[in-house]
Student: 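Okay, here's the structure, questions in a sec.
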Amino acid sequence: MNVTQQQEPKDRPARLTVGVVGAGRVGPALAASLELAGHRPVAASGVSEASVRRAAELLPDVPLVTPAEVLERSELVLLTVPDDALPGLVQGLAETGAVRPGQLVVHTSGRYGVKVLDPVLRAGGLPLALHPAMTFTGSPVDVHRLAGCSFGVTAPEELRLAAEALVIEMGGEPEWVEEAARPLYHAALALGANHLVTLVAEAMELLRQAGVGAPDRMLGPLLGAALDNALRSGDAALTGPVARGDAGTVAAHVAELRKHAPGTVAGYLAMARATADRALAHGMLKPELAEDLLGVLANGTHSGPGAEGGAR
C-alpha cells in the first residue's frame with residue numbers, strides 16, 4: 001500500500017485519544033500528524049517556553065498538563081523526551097500507577113527498542129518504539145516532512161502490525177529494526193545526519209573566510225549532487241583529491257586549515273583517512289599514490305613531487 005495515500009475509514013484502526021509527554025520538536029509534530037489521520041490529541045506536557053510555543057502552534061486547544069495527567073487522558077501516549085531521560089521517565093510513570101492496562105505507550109528514541117518499556121509492559125501497557133528518521137525544526141513544516149519518512153520500528157511481535165499501521169497513518173514508511181540492532185541503527189543515522197550538519201556549517205564558515213559572499217548558494221547544488229550520487233552509487237561516487245591521491249593538494253588544504261581554522265584540522269584528517277581507506281578498498285585510489293597521501297594524513301606535510309606548488 002502507498003503510505004502517502006489516505007486510508008479509507010473502514011480500513012483505519014479505531015480512533016484514539018493521543019497524549020504527548022515532552023513537547024519538544026518531535027512530539028507535537030507526530031501528534032499533529034496523527035490528528036490528520038483522525039486521531040484526537042487531548043493532552044500534552046511541557047514546561048519550557050519553547051515547548052509551550054510549539055504545543056500552541058501545532059496542537060492548538062490541547063491543554064498542557066502533568067505527565068501523569070497526559071496518561072490519564074490518553075489511549076495512545078507518545079513519550080518524546082531525550083534518550084537519557086527516557087528510562088527514568090518510564091520507570092517513574094509505571095511506579096506511580098500512571099500506565100493503564102491496554103494503553104499504547106510509544107517512545108520515539110532511536111537508541112532504544114522496547115526493552116526500555118519493560119515497566120510499561122509489566123503494568124499491562126502495550127509498548128512500541130517508533131523512531132522517525134528525520135530532523136525536526138519544531139515548526140509545522142515537520143508534519144509535511146513525515147510524508148515518506150522512514151521510521152525505525154521495534155515492537156513485540158504481536159504488536160508489529162499495530163506499530164506499522166500507526167507509522168503508515170502518519171504518512172511514514174515502517175522499517176523493522178531488531179531490538180539488539182537499535183544502537184547501531186541510531187549510530188548510523190547520527191553519523192549521516194548530525195555530522196553532516198557540522199561538516200556543512202564548517203564548510204560555509206571557511207568559504208566566508210575565503211571571500212565567498214553566498215556560501216549556501218555555492219554549496220547547495222554541489223552538496224545536493226554529492227548526496228544524490230552517494231545514495232545512488234555508494235563508494236563509486238567518491239571524488240576529490242583524496243580519492244585521486246593528490247597528496248600535494250591535501251597537504252595544501254591542511255596547511256591552510258591550520259592557518260585559518262585550526263579547529264577543523266582533526267575532522268578534515270579523520271574524514272580524509274576514512275575516504276582514503278574506502279577509495280583504496282574499492283580500487284579507486286592507486287596503491288602507488290596512497291603511500292604519499294597517507295604520509296600527509298599522518299603528519300600533515302608533503303615532500304613528494306609537486307610539494308612546493310601544492311603547499312603554497
Side-chain angles (χ1 to χ4, degrees), residues 1-46 51 54-65 67 69-81 99-100 102-110 114 117 120 125-177:
M1 180 174 61
N2 187 334
V3 298
T4 61
Q5 294 178 343
Q6 192 173 26
Q7 292 176 297
E8 293 296 327
K10 63 182 177 60
D11 296 326
R12 293 178 177 175
R15 304 301 85 191
L16 301 168
T17 53
V18 178
V20 178
V21 176
R25 296 182 180 184
V26 178
L30 296 187
S33 183
L34 287 167
E35 185 174 23
L36 291 175
H39 299 288
R40 185 164 61 92
V42 294
S45 70
S51 295
R54 278 189 291 265
E57 186 174 17
L58 289 168
L59 302 172
D61 303 322
V62 172
L64 289 176
V65 297
E69 289 176 291
V70 171
L71 270 72
E72 183 180 347
R73 302 182 186 193
S74 309
E75 297 163 313
L76 167 61
V77 181
L78 302 175
L79 304 182
T80 55
V81 298
V99 179
R100 301 193 309 274
Q103 189 172 44
L104 284 165
V105 179
V106 177
H107 79 70
T108 59
S109 166
V114 290
L117 295 175
V120 167
L126 306 177
L128 308 175
L130 307 180
H131 174 251
M134 177 56 61
T135 182
F136 288 81
T137 65
S139 68
V141 70
D142 295 332
V143 179
H144 302 290
R145 284 180 173 173
L146 288 173
C149 166
S150 291
F151 279 66
V153 176
T154 307
E157 188 60 39
E158 60 272 21
L159 295 176
R160 179 168 177 167
L161 291 179
E164 292 176 345
L166 285 172
V167 170
I168 290 170
E169 286 203 307
M170 288 185 280
E173 296 272 5
E175 185 73 39
W176 186 258
V177 180

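Here, residue 1 is the first one in the sequence, and each next residue gets the next number.
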Student: State which residue, out of Val42, Val62, Leu30, Leu34, fulfils the side chain to side chain contact (heavy atoms under 4.5 Å, CB included) condition with Val18.
Tutor: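 Passing option: Leu34.
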Student: So, Glu169 and Arg15, do they make that salt bridge, N to O below 4.0 Å?
Tutor: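 Counted as a salt bridge, because a side-chain N and a carboxylate O are separated by less than 4.0 Å.
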Student: Might you point out which heavy atoms bring Ala32 and Val143 nearest each other, and give the distance in Å?
Tutor: CB-CG2, 3.9 Å
Student: Kindly determine whether Val26 and Leu78 satisfy side-chain contact (heavy atoms from CB on, under 4.5 Å), including the steps that lead there.
Tutor: CA-CA 10 Å; Val26 178; Leu78 302 175; over 6 Å; no
Student: Could you check whether any side-chain N or O of Ser45 sits under 3.5 Å from a backbone N or O of Pro67, counting only pairs where one atom can act as donor and the other as acceptor?
Tutor: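 Such a contact is absent between Ser45 side chain and Pro67 backbone.
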Student: CD/Glu35 to CG/Leu58 distance, rounded to the nearest 0.5 angstrom?
Tutor: 10.0 Å
Student: Could you report the tightest heavy-atom contact between Pro140 and Glu57, atom names first, then the distance?
Tutor: CD-OE2, 3.3 Å
Student: Using only atom types and a distance under 3.5 Å, with no angle test, would you say the side chain of Ser51 pairs donor to acceptor with the backbone of Gly24?
Tutor: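 The answer is no, because no donor-acceptor pair under 3.5 Å joins these two groups.
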Student: Would you say that more than 12 heavy atoms from the other residues, nucleotides or ligands in this model lie under 6.0 Å from the CD of Glu175, or not?
Tutor: no
Student: Does anything in residues 135-157 pair up under ring pair (Phe, Tyr, Trp, His ring centres under 6.0 Å), and if so which pairs, sequence neighbours excluded?
Tutor: none
Student: Is any side-chain heavy atom of Pro127 closer than 4.5 Å to one of Leu159?
Tutor: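 SC-SC contact between Leu159 and Pro127 confirmed.
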Student: Minimum heavy-atom separation for Leu146 to Pro132, with atom names?
Tutor: CD2-CB, 4.3 Å
Student: Mind checking the OG-NE2 spacing from Ser33 to His39? Nearest 0.5 Å is all I need.
Tutor: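 Answer rounded to 0.5 Å: 9.5 Å.
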Student: Take Val65 and Glu72, measure what side-chain contact (heavy atoms from CB on, under 4.5 Å) needs, and give me the verdict at the end.
Tutor: CA-CA 10 Å; Val65 297; Glu72 183 180 347; over 6 Å; no
Student: For Arg100 and Ser74, indicate whether the former's side chain and the latter's backbone hold a donor-acceptor pair under 3.5 Å.
Tutor: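 Such a contact is found between Arg100 side chain and Ser74 backbone.
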Student: Counting distance only, does the side-chain N/O of Glu75 pair as donor-acceptor with the main-chain N or O of Thr17 below 3.5 Å?
Tutor: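 A pair under 3.5 Å: yes.
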Student: Within a strict 4.5 Å, meaning less than it, do heavy atoms of the Pro63 and Arg73 side chains meet?
Tutor: yes
Student: At what distance, to the nearest 0.5 angstrom, does CG of Leu166 lie from CG of Leu16?
Tutor: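 Leu166 atom CG to Leu16 atom CG measures 7.0 Å (nearest 0.5 Å).
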Student: Is there side-chain contact between Val177 and His131, with at least one heavy-atom pair below 4.5 Å?
Tutor: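 Sidechains of His131 and Val177: no contact.
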Student: Look at the side chain of Thr154 and the backbone N and O of Val114, then say whether any donor-acceptor pair between them is shorter than 3.5 Å.
Tutor: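 No.
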Student: Are the side chain of His107 and the backbone of Leu79 linked by a donor-acceptor contact shorter than 3.5 Å?
Tutor: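 The answer is no, because no donor-acceptor pair under 3.5 Å joins these two groups.
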Student: Looking at every non-hydrogen atom in both residues, tell me the closest pair between Ala31 and Val20 and how far apart they are.
Tutor: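 Nearest heavy atoms, Ala31 then Val20: CB-CG2, 3.6 Å.
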Student: Whether the Glu173 and Ser150 side chains hold a donor-acceptor pair (N or O, under 3.5 Å, no angle test) is what I'd like checked.
Tutor: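 No, because no side-chain N or O of Glu173 sits under 3.5 Å from a partner of the opposite role on Ser150.
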Student: Return the CE to CG distance between Met134 and Asp142, rounded to the nearest 0.5 Å.
Tutor: 8.5 Å
Student: Which atom names give the shortest non-hydrogen contact between Leu128 and Ala163, and what distance separates them?
Tutor: CD2-CB, 3.9 Å
Student: What do you reckon, is CZ of Arg160 surrounded by more than 12 foreign heavy atoms closer than 6.0 Å?
Tutor: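 Yes, because the 6.0 Å sphere around CZ of Arg160 holds more than 12 heavy atoms from other groups.
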